[in-house]
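Have a look at the structure below, then the notes.
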Amino acid sequence: MLKLFNSLTNNLEVFEPLETNKVKMYVCGPTVYDHAHLGHARCYITWDVLYRYLKFAGYEVKYCRNVTDVDDKILKKASERGVDPSVVTEEFYASFDNSMKGLNCLKPDIEPFATKTIGEMIAITKTLIDKGFAYESDGDVYFEVKKYSKYGALSKQPIDDLMAGARVETDEKKRSPLDFALWKKDGKFGYNSPWGVGRPGWHIECSAMAKKFLGPQIDIHAGGADLTFPHHENEIAQSNCASDCEFVKYWLHNGFVTINKEKMSKSLGNFLTIDELLKTYDSNTIRFFILTNHYRMPVEFSEVALESAKAGVKRLINAGKKGEGVDEEATEAFKTSMDEDMNTSKALAVLFSLVSGDETKANTLYRLGSVLGFDFTKKEIVLSKEDLALIEERNLARAEKNWAKSDEIRDLFLERGIVLKDGKDGTTWEAL
RNA sequence: GGAGACAUGGCCAAGUGGUAAGGCAGGAGCCUGCAAAGCUCUUAUCCCCGGUUCAAAUCCGGGUGUCUCCUCCA
């Protein structure tokens, strides 16, 4: 019985999808104006694991993760470079896609682009105006927050407190500083709409894409904790008011990656990009590092932590080679752990329980490992005739106790990433 | 100012009432020409104070410290 922590109720809840055995899940995807960093990696690895686990648990899952390709930052970058915004978005979408592959994240079933969903955004905006939840103001359209009484339910912020703490600069076009844009006038990069040429606000993009590709009601909506307010709060307001139903059943949020105890973010400039990180650490290591912590807790980045993860992965990979076999008990323990709001830390401990002893239940290790997105199978090294001859030469040297020569040859292989191991039954080799 | 979260061994981390999972690092031993890999053994009373209870890391109250959100942000 899967339980998930619902940010809306602040409670651990039994997961019961709207439609038996089927799950509709939406994850806020990237705004493609720069390379993705480790913080993004954590987010997408976390929800990739949920996606994999739901499928493993027998659900039929429809996973939608959008690409925001119309946004202020994109336009800013495009004008700085003097190129069309599409040049920017294509470049960084490719980079993002590459990073996801590098992290061994499964491709979502649907990956919509905001620019291809403008019609739906306009339709929702129109509905909201017609129903009196939104108003037009000089080519802009704003959602009127005070019209939605439950506003603040997700972020647990009473509207009055939001007002008091609002650091938003007052805008003559808005009736209240809390009102947010559904549509912004933009003569330069805009699209035609009933309110003139303009482009959608960020929040409406996700509402529209979720509705178009998954429907007006979905089971899971996930994303980084920093999206809770205002992004998700606004999505709820828009979608609930436009569709007259509860947009999302379970709101899930992942914690941040920190560095020096501070949130890793673009604005602070304290980030490491995924492609940079992948030069030093493979996807197994990065995933292990992320998954040792519970997804709602912060994860502090450090070299030591990554090295520790790397060593753990190495042990699992080596263990996988001695033996095969299955362990139903461990599989049950794994499920129990994952059912507890995705306790990946416990799930990892289960993987190690398959290892202890001199024989590993490798089939189960690979199977459960793949639910966490690991690939513990090791590449076979195929040696050339020359290499085999060299090993033969080394064995002769060893027989003559010519250790200097023996070690020299071993180092030769090591430089190529091949480890030679001398066992009772002769010399074996494998990738470093 | 408002809202929320966290504090467990050298490092990371699970554990929400019944006497501290797991990983990394370290130590001892076996194996090895030496390594590598592997195997065996080995290291904690849970930030502080008070309370509830037969029993608390776990519940309650009060401290202290750290982080996050309230502005674009995964």
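Within the nucleic acid shown, A/Ala311 comes within 4.0 Å of sugar-phosphate atoms alone, with no base atom in reach, counting heavy atoms only. Note on A/Gly312: only backbone sugar-phosphate atoms sit closer than 4.0 angstrom, heavy atoms only; bases stay farther off. Using a 4.0 Å heavy-atom criterion, one finds that A/Val257 contacts the bases of the nucleic acid, with or without backbone contacts as well.
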**OP:** Encode nucleotides 33-42 of chain B as B, S and - characters from 5' to 3', where the letter depends on protein heavy atoms closer than 4.0 Å: B to the base, S only to sugar-phosphate, - to neither.
**Re:** BBBBSSSS--
**OP:** Would you give a per-nucleotide map of nucleotides 3-13 of chain B, 5' to 3', where B means the base has a protein non-hydrogen atom under 4.0 Å away, S means only the sugar-phosphate does, and - means neither?
**Re:** S--S------S
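Other residues, nucleotides and ligands contribute at most 12 non-hydrogen atoms within 6.0 Å of the NZ atom of A/Lys310. The environment of A/Lys3 atom NZ is sparse: at most 12 non-hydrogen atoms of other residues, nucleotides or ligands sit within 6.0 angstrom. Atom NZ of A/Lys107 is surrounded by more than 12 heavy atoms from other residues, nucleotides or ligands within 6.0 Å. Around CD of A/Glu246, the count of heavy atoms belonging to other residues, nucleotides or ligands within 6.0 Å exceeds 12. Counting non-hydrogen atoms of other residues, nucleotides and ligands closer than 6.0 Å to NZ of A/Lys77 gives a total above 12.
In this structure, A/Met264 places its CE atom 16 Å from P of B/rC67, rounding to the nearest Å. If you measure from atom CG of A/Leu268 to atom C1' of B/rC69, you get 14 Å, rounded to the nearest angstrom. In this structure, NE2 of A/His232 is placed 14 Å from P of B/rC72, rounded to the nearest angstrom. Atom pair A/Met338:CE and B/rA14:P shows a separation of 14 Å (rounding to whole Å applied). Between A/His37 atom NE2 and B/rA74 atom C1' the separation is 7 Å, expressed in whole Å. Rounded to an integer number of Å, the gap from NE2 of A/His231 to C1' of B/rU68 is 18 Å. Between A/Phe256 atom CZ and B/rU66 atom P the separation is 19 Å, expressed in whole Å. Rounded to an integer number of Å, the gap from CG of A/Leu348 to C1' of B/rC24 is 13 Å.
Minimum atom distance to the side chain of A/Asp226 is reached by B/rC69, of the listed B/rC69, B/rA14, B/rC72.
Across all non-hydrogen atoms, the minimal contact from A/Phe189 to A/Asp186 is N-OD1, 3.0 Å. The nearest pair of heavy atoms linking A/Leu306 to A/Tyr281 is CB-CZ, 3.6 Å. Considering every non-hydrogen atom in both A/Phe5 and A/Leu252, the closest pair reads O-CD2, 3.2 Å. The shortest non-hydrogen separation linking A/Pro30 to A/Asn66 is CD-O, 3.5 Å.
Applying the Watson-Crick and G-U wobble criteria (two distances, each under 3.5 Å), B/rG4 pairs with B/rC67. Pairing for B/rC30 is with B/rG38, a Watson-Crick or G-U wobble pair whose two hydrogen-bonding atom distances lie under 3.5 Å. The partner of B/rC59, taking Watson-Crick or G-U wobble pairs whose two distances both stay under 3.5 Å, is B/rG51. Under the Watson-Crick or G-U wobble criterion, with both distances below 3.5 Å, B/rA21 has no partner in any strand shown. Across all strands shown, nothing is found opposite B/rU16 as a Watson-Crick or G-U wobble partner with both distances under 3.5 Å. Pairing of B/rG9, defined by two Watson-Crick or G-U wobble distances under 3.5 Å, is not identified with any nucleotide.
Within residues 76-90 of chain A, no residue approaches RNA chain B, by heavy-atom distance under 4.0 Å.
Remark: the backbone N or O of A/Ser406 is paired with a side-chain donor or acceptor of A/Arg394 at under 3.5 angstrom. Panel note: side chain A/Thr68, backbone A/Thr31; no donor-acceptor pair is recorded below 3.5 Å.
Within the cation-pi definition used here (under 6.0 Å to the ring centroid, within 45° of the axis), A/Lys263 qualifies as a partner of A/Phe256.
Note on A/Lys261 versus A/Glu300: no salt bridge recorded, every NZ/NE/NH1/NH2 to OD/OE distance being 4.0 Å or above.
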Subject >> Steps toward salt bridge (Lys or Arg N to Asp or Glu O under 4.0 Å) verdict (A/Lys174, A/Glu144) >> reply: CA-CA 9 Å; A/Lys174 294 187 189 179; A/Glu144 192 161 16; over 6 Å; no
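Taking the P atom of each, B/rA44 and B/rC11 are spaced 15 Å apart, rounded to whole Å. For the C1' atoms, the distance from B/rU32 to B/rG26 is 22 Å, rounded to whole Å. B/rC41 and B/rG50 have their C1' atoms separated by 42 Å, with the value rounded to a whole Å. Using atom P as the reference point in both B/rC73 and B/rA37, the two lie 45 Å apart (nearest Å). Going from the C1' atom of B/rA14 to that of B/rC46 covers 13 Å, rounded to whole Å. B/rU16 and B/rU58: their P atoms are spaced 12 Å apart (whole Å). Rounded to whole Å, the C1' atom of B/rA13 lies 9 Å from the corresponding atom of B/rU8. Taking the C1' atom of each, B/rG51 and B/rC69 are spaced 33 Å apart, rounded to whole Å.
Two residues, A/Asn343 and A/Glu307, neighbour RNA chain B, and the one matched to the more 5' nucleotide by heavy-atom proximity is A/Asn343.
Interface remark: the A/Lys263 side chain does form a donor-acceptor pair with the B/rC73 base, using a distance-only criterion of under 3.5 Å. At a cut-off of 3.5 angstrom, counting only N and O atoms as typed in the model, there is no donor on one side facing an acceptor on the other between the side-chain of A/Lys266 and the base of B/rC73.
When the side-chain nitrogen and oxygen atoms of A/Lys261 are compared with OP1 and OP2 of B/rG65, none of them lie within a distance under 4.0 Å. At B/rC73, one or more side-chain N or O atoms of A/Trp202 fall inside 4.0 Å of OP1 or OP2 (strictly under the cut-off).
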